[in-house]
Each structure stands twice: as C-alpha cells, then as structure tokens.
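As structure tokens, the structure follows; a few thoughts come after it.
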Amino acid sequence: MKKGLLALIAVVVLLLILVGSFSGQYNRFVGLQEGVEGQWGNVENVYQRRADLIPNLVETVKGYAEHEQETLTAVVEARAKATQMQAQLTPEALNDPETMAKFQQVQGELSSALARLMVVVERYPDLKANQNFLDLQAQLEGTENRIAVERRRFNDLARDYNTAIRRFPGNIIAGLFNFGAKAYFEAAEGAAQAPKVDFGN
C-alpha cells in the first residue's frame with residue numbers, strides 16, 4: 001500500500017515537473033515570438049516614415065526640376081510598390097523567406113530610386129539651398145539610419161527566437177504548436193554595405 005502511494009506521488013511529481021517545464025518553454029516561445037513581431041512593427045514604422053516623407057520631397061524637387069519627370073516618376077512608382085507590399089505583410093509573412101525577400105526587393109528599389117533622385121538634385125544649386133529641401137533630406141537621412149538600426153534589432157530578436165525553437169527539447173514543443181522559424185533581413189546580393197543616399201552636402 002505504501003509502495004503504491006509512493007509510486008503515485010512520484011508519478012504526480014514527475015507530471016508536475018513535465019507540465020511546468022512544458023508550459024515554461026511554451027510561454028518563452030510566445031514571449032520571443034511577440035518580441036519579433038513587435039520589432040517588426042518598429043521596422044514597418046520607419047519604412048512608413050520614409051514613404052510619408054517622399055511625396056513632400058518629390059513635390060519640392062518638382063518645383064525646381066520639373067523636367068526631371070522620368071526620375072520623379074520612378075520614385076513615385078517605387079514608393080507605390082513598396083507601400084502596397086507593406087500593406088500586404090502580416091505577422092505570418094515573417095515565417096515566409098520568399099515574402100521577406102520580395103519586401104526587401106521593393107524597399108531596395110525605392111532606395112535606388114531615391115539615390116537617383118539625389119543625383120539629379122546635384123544639378124540644381126537653388127534646390128540644394130532650399131530650407132524645405134534641407135529639412136526633408138535631414139529627416140530622410142535620419143530615417144535611413146533608423147531603418148538600419150531597426151532591421152538589425154529585428155534580426156537579433158529573430159535569431160534568439162529561431163535558436164530557441166530549434167534547440168532540444170524546445171524543438172518538440174515548437175513543432176507541436178507550429179512555432180515556425182522567422183525570416184531574416186539579408187544584405188542585397190553583392191552589397192558589402194548598406195546603400196548610401198548621397199545628399200551632396
């Protein structure tokens with residue numbers, strides 16, 4: 001009778017330990033996942049800030065360089081593509097490397113169009129001296145730096161999350177509850193460093 005009771009207590013204690021460990025791991029994954037998705041919101045926020053600055057920048061440049069229509073149109077179209085892609089992204093898309101690669105591609109195209117616009121600006125000294133333009137370029141430069149910071153933070157959190165769900169025995173719990181790996185921001189092919197927008201200061 002005593003042996004049976006001791007065995008039952010041992011089984012109950014073992015079950016409690018397992019349940020505690022199981023729920024601890026599960027809750028840790030939830031916390032890490034929320035951290036990654038919250039950081040993604042910060043990434044989207046800075047990309048949106050850049051997108052919000054662009055119409056004012058284009059209008060300012062247009063006032064001085066109206067015949068640079070091809071460049072201005074390229075910026076507007078790249079912004080529209082980037083904004084449309086951003087609107088389609090859901091938290092689930094963070095698990096899809098192809099969707100993340102597409103997002104990076106359209107944001108890269110926008111960076112490239114902005115860089116071409118800044119080259120055009122070099123031809124217009126009056127525009128370069130315009131206070132409104134100076135303010136916009138300072139804000140845009142700050143936003144580009146912020147994008148780099150938020151992307152790096154996102155990758156750090158995604159790495160912590162991905163590591164946690166791949167380690168044993170966490171990988172079992174992650175598999176049971178469909179905690180999928182998060183995609184990273186990756187450097188553009190052939191790019192040794194982040195694209196730089198030259199404002200010609």
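One-based numbering along the sequence shown. Values in this document were obtained by computation on a predicted structure and should not be read as measured data. Hydrogens, waters and symmetry mates are skipped; everything else that's a heavy atom, side chains included, is used.
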Within the 4.5 Å heavy-atom criterion, are [X] and [Y] side-chain neighbours or not?
X: L57; Y: V75; result: no
X: Q69; Y: L72; result: yes
X: T99; Y: M85; result: yes
X: Y124; Y: K128; result: no
X: F185; Y: F154; result: yes
X: R50; Y: L114; result: yes
X: R79; Y: D52; result: yes
X: F179; Y: L32; result: no

Next item on the list: Kindly write out the residues that satisfy ring-ring contact (aromatic ring centres under 6.0 Å, His included) with Y161, not counting sequence neighbours, or none if the list is empty.
Entry: none

Heavy-atom closest contact ([X] atom, [Y] atom, distance):
X: F29; Y: A174; answer: CE1-N, 3.8 Å
X: E44; Y: Q86; answer: O-NE2, 3.0 Å
X: V46; Y: T143; answer: O-CG2, 3.4 Å
X: A93; Y: M100; answer: O-CG, 4.0 Å
X: A82; Y: L110; answer: CB-CD2, 4.0 Å
X: P97; Y: A183; answer: CA-CB, 3.8 Å

Next item on the list: Test R49 against R146 for side-chain contact (heavy atoms from CB on, under 4.5 Å), laying out the working first.
Entry: CA-CA 10 Å; R49 176 171 167 70; R146 195 72 193 161; over 6 Å; no

Do [X] and [Y] belong together in a cluster built from hydrophobic side chains that touch within less than 4.5 Å?
X: W40; Y: V30; value: yes
X: V149; Y: V43; value: no
X: I165; Y: L176; value: yes
X: V120; Y: V58; value: yes
X: L53; Y: Y64; value: yes

Rounded to the nearest 0.5 Å, how far apart are [atom1] of [X] and [atom2] of [Y]?
X: T60; Y: F133; atom1: OG1; atom2: CZ; result: 8.0 Å
X: Q25; Y: N171; atom1: CD; atom2: CG; result: 9.5 Å
X: E37; Y: L157; atom1: CD; atom2: CG; result: 11.5 Å
X: L16; Y: S21; atom1: CG; atom2: OG; result: 12.5 Å
X: N162; Y: K182; atom1: CG; atom2: NZ; result: 8.5 Å
X: I172; Y: R167; atom1: CD1; atom2: CZ; result: 15.0 Å

No-hydrogen, no-angle side-chain donor-acceptor test under 3.5 Å, [X] and [Y]:
X: N145; Y: E141; answer: no
X: S112; Y: R116; answer: yes
X: N56; Y: E59; answer: no
X: Y47; Y: R151; answer: yes
X: Q105; Y: E109; answer: yes

Next item on the list: Answer yes if the ring centres of Y26 and F177 are under 6.0 angstrom apart, and no otherwise.
Entry: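 Aromatic pair counts; centres sit under 6.0 Å.
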
Margin query: Is it true that, when you exclude E98 itself, more than 12 heavy atoms of the residues, nucleotides or ligands shown sit nearer than 6.0 Å to its CD?
Written below: no

Notebook entry, point to check: Should we say atom CD of Q88 is surrounded by more than 12 heavy atoms from elsewhere, each under 6.0 Å from it?
Noted result: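 Yes - once you tally the heavy atoms of other residues, nucleotides and ligands closer than 6.0 Å, there are more than 12.
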
Checklist line | SB check R153 D156 (cutoff 4.0 Å) | finding: no

Note to self: Using the rule given for side-chain hydrogen bond (donor to acceptor under 3.5 Å, both in side chains), can you reason through Q139 versus D135, listing the C-alpha separation, both sets of side-chain angles and the distance that settles it, and then say yes or no?
What the structure shows: CA-CA 6 Å; Q139 290 181 55; D135 291 343; 5.9 Å; no

Next item on the list: Could you walk me through whether Q39 and N42 pass the side-chain hydrogen bond (donor to acceptor under 3.5 Å, both in side chains) test, one step at a time?
Entry: CA-CA 5 Å; Q39 182 56 35; N42 293 339; 3.1 Å; yes

Note to self: Pair D126, N130 - check side-chain contact (heavy atoms from CB on, under 4.5 Å), show working.
What the structure shows: CA-CA 6 Å; D126 290 345; N130 177 278; over 6 Å; no

Check: Under the 3.5 angstrom rule, does the side chain of N155 hit a backbone N or O of Y184 as a donor-acceptor pair?
Finding: no

Check: Can you list the other members of the hydrophobic cluster that holds V11, where links are side-chain heavy atoms under 4.5 angstrom apart?
Finding: L15

